[in-house]
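Remember, it's a predicted structure, so these values are computed and weren't measured experimentally. Chain letters run A, B, ... following the sequence lines, proteins first, then strands; residues in each count from 1.
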Amino acid sequence: MDKTYQPEQIENRWYQRWEEDGHFAPSGEGEPYSIMIPPPNVTGSLHMGHAFQDTIMDTLTRWRRMQGRNTLWQVGTDHAGIATQMLVERKVAAEEGKSRHDLGREAFTDKIWEWKHESGGHITRQLRRMGASVDWSRERFTMDDGFYKAVQEVFVQLFDKGLIYRGKRLVNWDPTLHTAISDLEVENRDQQGQFWHFRYPLADGVTTEAGLDHLVVATTRPETLLGDSAVAVNPEDPRYASLIGKFVDLPLVGRRIPIVADEHADMEKGSGCVKITPAHDFNDYEVGKRCELPLINVFSRDAVILERAETFDLQGRPLSDIDTSLPSAYAGLSRFEARERIVADMEAAGLLERTETVNNTLPFGDRSGDVIEPYLTDQWFVAVENLAKPAIAAVENGDIEFVPKNYENMYFSWMRDLQDWCISRQLWWGHRIPAWYDADGNVYVARTEAEARDKHGLPADMPLTQDEDVLDTWFSSGLWTFGTLGWPEKTEALETFHPTSVLVTGFDIIFFWVARMIMLTLEFTGEVPFKQVYVHGLVRDGQGNKMSKSKGNVLDPIDLIDGIGLESLVEKRTGNMMQPQKAKAIAKATRQEFPEGIESHGTDALRFTFLSQATTGRDIKFDMGRLDGYRNFCNKLWNASRYVLMNAEGQDCGADGSEVELSLADRWIISRLQQTEAQVTRAMEEYRFDHASQALYEFIWNEYCDWYLELSKPVLWDDDATPASQRGTRRTLVRVLEAILRLAHPMMPYISEEIWQRVAPLAGTYRGEGDSLMVHAWPEADEARVDEAATRNIEWLKGVIVAIRNIRAELNIAPGKPLAALLTKGDASDRERLEANRPFLAKLAKLERLDWLDDPAEAPLAATQLVGDMEVLVPMAGLIDKEAELARLAKEIDKQDKLIGGIEKKLGNESFVAKAPEAVVQKERDKLDDLSANRRLLVEQHDKIAAL
RNA sequence: AGGACCAUAGCUCAGUUGGUUAGAGCGCCACGUUGACAUCGUGGAGGUCGGCGGUUCAAAUCCGCCUGGUCCUACCA
């Protein structure tokens, strides 16, 4: 083995081998275990969130596979409607100077397919680099033929059941992208805005209670005035009671609109009167429904003012009895231009009472960044009420369990207040809606045009045109768990792997995806999509900021693995920016944070870092320091393995059944291994990857390396040691290491495999050429091998060694200087332990002599430490400086005093003694005894030295 | 406005059902190339567990209030 750990040399090699050998496919044996990857955007690239999530899924998958489960990690990608369409649109614009409309629908979608073929491999290559043991032979895409079929089927069935309907409704409209988007795709941002108070003249000469000839309404959106259908007042409001049923003359437009009573009007706010624009405001739409007002749309698809308004009734039917004329001055103006003009005109007409500045929230499209407009369009909806009920029940009754539990509340609160889901999108990239229209606008829903004709008895020559819209991306990804397994066919895979075991996902898509998967899957398979949902937080930068291109703090997981030079990193972070003016500051910050660029750390170290930070229910501040630390940990494991191999390769490790004798240290490390195995397994079962990784780290570094390897040296290197004991130690070294590697494998697949290949043959677990750690058994703790006595003995041994190291450090004795030390005052067992462990003590504490002193009174002047009741003495003669020792003792006495004080206070408290359980009280008494004895000794020692 | 989560060492975080001398890693200080490892070893410094109050014999841990932070939902005519 090389002297230092060099991940890049082993990682690619191993991934390829595993894949070629078919180890990622389900074994076909054992209890099924399955995970569906949340499909990343097909043309996207791997970000830190993916890397984190994939690490968790891979760790679970490898662990369960080793446990003998029939394991499937299903892989695939999402067509990601809007995101992908926009990306290609920009690309085509940049490269060819054409819009998608220049190309036309077919040519444009061809371009997207082209781009998908070109770039679709990027994310999957990165997934491989992370070590993801997904079954590539089953890779799926949300727009492949099978999915196309599943989507058609679901749509048609839902329609036939009356759960999908089409209608003219107010939706969130993106005037840039020209499509409806769902509530979830709207991002509300706080902004400072203006609040205009307008006077609306009362018609027919009526006046208010106060004698005014007008009502005052306030709005942040003056341009919607053109579409007002009414003014509402609260039915309880005495100021306006007499005006209900009367009219106002809508300024600028001249339309007569009624004054209606509706509780939406808040008496406390403003004048208590509110303008109602049902076609341009969600609240007003509801008022419109209650008061049967007409819908008056004044915007085009681009949110530009129309020449004539469009009017509809609440069923979306055109109305003809309303004057649709609009002032020509505004036609063709954008909503923002129109706003200014209307305010100016109102002011000129003396109808602007006052203006104030307010903070308000504006809806923005999370893709386009444009202000979203409530807009009246024909859309397809899923009626969710009856789908939501079983979906709520499934979580309530425990068929689906969220980890951590508190996300269930988030789920419930959303599900219980669910609006119908608008599933149509006015895009070109996606699943086209399987609905056809005849010349009269009648709609026929079927899987194919032929089926539509068949089903409705339409003549073959009757022209039909398919709906232009596509489905919301989440409609198809909602079918992910069963669609990937072959539904609607009754496949064996579906039978075996559905419901899936666990969904690993971020809390941010519980609504988008998780909830919809649960609803659709229950409806179509009668099964839950997954039994558990492990919800993780967001990966943030070291300061806790969201990583984003515009902030320039993005880390690419692949750069952390392979390393990247400073210049490349700066270029990556500042290139191709939406806001190029930020480039300079970002470059500066990057140079400051990574003056040398980023070193390579390897996949295993990155994975281990993610796992160690995977605390439940909390965002992760990615810590570069930890990444360095775990790279060092890999190196530690690597070097420990080198030591083992150096001492075991070509040696008798007891594999042939010859006699072996296990030393105390051997029995101890075996015992601790069992406990660690149990600990790691339990942590994995609880999704506590931080605990699992820490248990492994501590065992490997603090016990196996720091103590066991050191304790093995006296046995292996001492000529007096018996061959049986040397065999025993070699065998233990090798077997414990082999078990460690199996334990580490789900978390650190590469380094564990690489080392295992050399260790397994010595441990007797290697099955021959081509064998892989991946398919070996997960270590099971064996209670019978837990050896408490060995643990106590080793603790004693460590105590003595640490005591002597302590004395050395405190008294400035060189670590390498051989010392003579004495043990005294202990009991018979201490004495036995001394005899049994003399060579270990000598080697690890660098002692030239270690003797038992029968009569403590004969002790020479010495620096002293306690191990239990026993004293460890390092005679001072010629060694130490008196003042240093006195200071050390004084400090120690002080420490004891504080502890004693605390306990005495506790025991002096009558209620404590009376009410606390006897065991707790006794424990305190024992502690007090020990501490007091220590203190007496220290004081004695102090006085003795002081008297010199 | 309602809700959720968080606040423990300089930094990033553990702390299971209340009883620990409150832990780890990184960083810091001192010493050290002893035949796996300087990507290392040994020893050490560093915390009134955000604040106040309550329950209890006993609170980092349970309850209430407050402060600060993150996020979600809703509303803002």
Inset, instruction - Would you kindly say whether A:Gln694 and A:Glu698 are connected by a side-chain donor-acceptor distance under 3.5 Å? - result: yes
Legend entry - Annotated protein contacts, base or backbone, on nucleotides 31-39 of chain B with a non-hydrogen cut-off under 4.0 Å, one of B, S, - each: S--BBBB-B
Legend entry - A:Glu685 atom CD: more than 12 heavy-atom contacts under 6.0 Å: yes
Legend entry - Pair A:His264, A:Asn283: side-chain N/O donor-acceptor within cut-off below 3.5 Å: no
Legend entry - Interatomic distance, A:Phe699 CZ vs B:A24 P [rounded to whole Å]: 19 Å
Legend entry - Under 3.5 Å side-chain donor-acceptor pair for A:Ser229 and A:Lys275: no
Inset, instruction - Check whether the side chains of A:Ser712 and A:Tyr643 place a donor and an acceptor atom closer than 3.5 Å, and report yes or no. - result: yes
Legend entry - Stacked cation flag A:Arg416 on A:Phe412, 6.0 angstrom / 45 deg: yes
Inset, instruction - Please map the stems of RNA chain B, keeping only stretches of three or more Watson-Crick or G-U wobble pairs with both distances under 3.5 angstrom. - result: B:1-7 with B:67-73, B:10-13 with B:23-26, B:28-32 with B:40-44, B:50-54 with B:62-66
Legend entry - Below 4.0 Å: OP1/OP2 of B:U70 and any side-chain N or O of A:Asn545: no
Inset, instruction - Respond yes when some side-chain nitrogen or oxygen of A:Lys927 is under 4.0 Å from OP1 or OP2 of B:U21, and no when none is. - result: yes
Inset, instruction - Look at A:Thr615 and B:A14 and indicate whether a side-chain polar atom (N or O) is within less than 4.0 Å of OP1 or OP2. - result: yes
Inset, instruction - For A:Arg682, look at atom CZ and say whether over 12 heavy atoms of other residues, nucleotides or ligands are found less than 6.0 Å away. - result: no
Inset, instruction - May I ask you to verify if any side-chain N or O of A:Arg416 is less than 4.0 angstrom from the OP1 or OP2 atom of B:G3? - result: no
Inset, instruction - Looking at every strand, decide which applies to A:Tyr407 at a 4.0 Å heavy-atom threshold: base, sugar-phosphate, or nothing. - result: nothing
Inset, instruction - Tell me yes or no: between the side chains of A:His197 and A:Glu356, is some donor less than 3.5 Å from an acceptor? - result: yes
Inset, instruction - Can you tell me the distance, in whole Å, between the CZ atom of A:Phe912 and the C1' atom of B:U56? - result: 13 Å
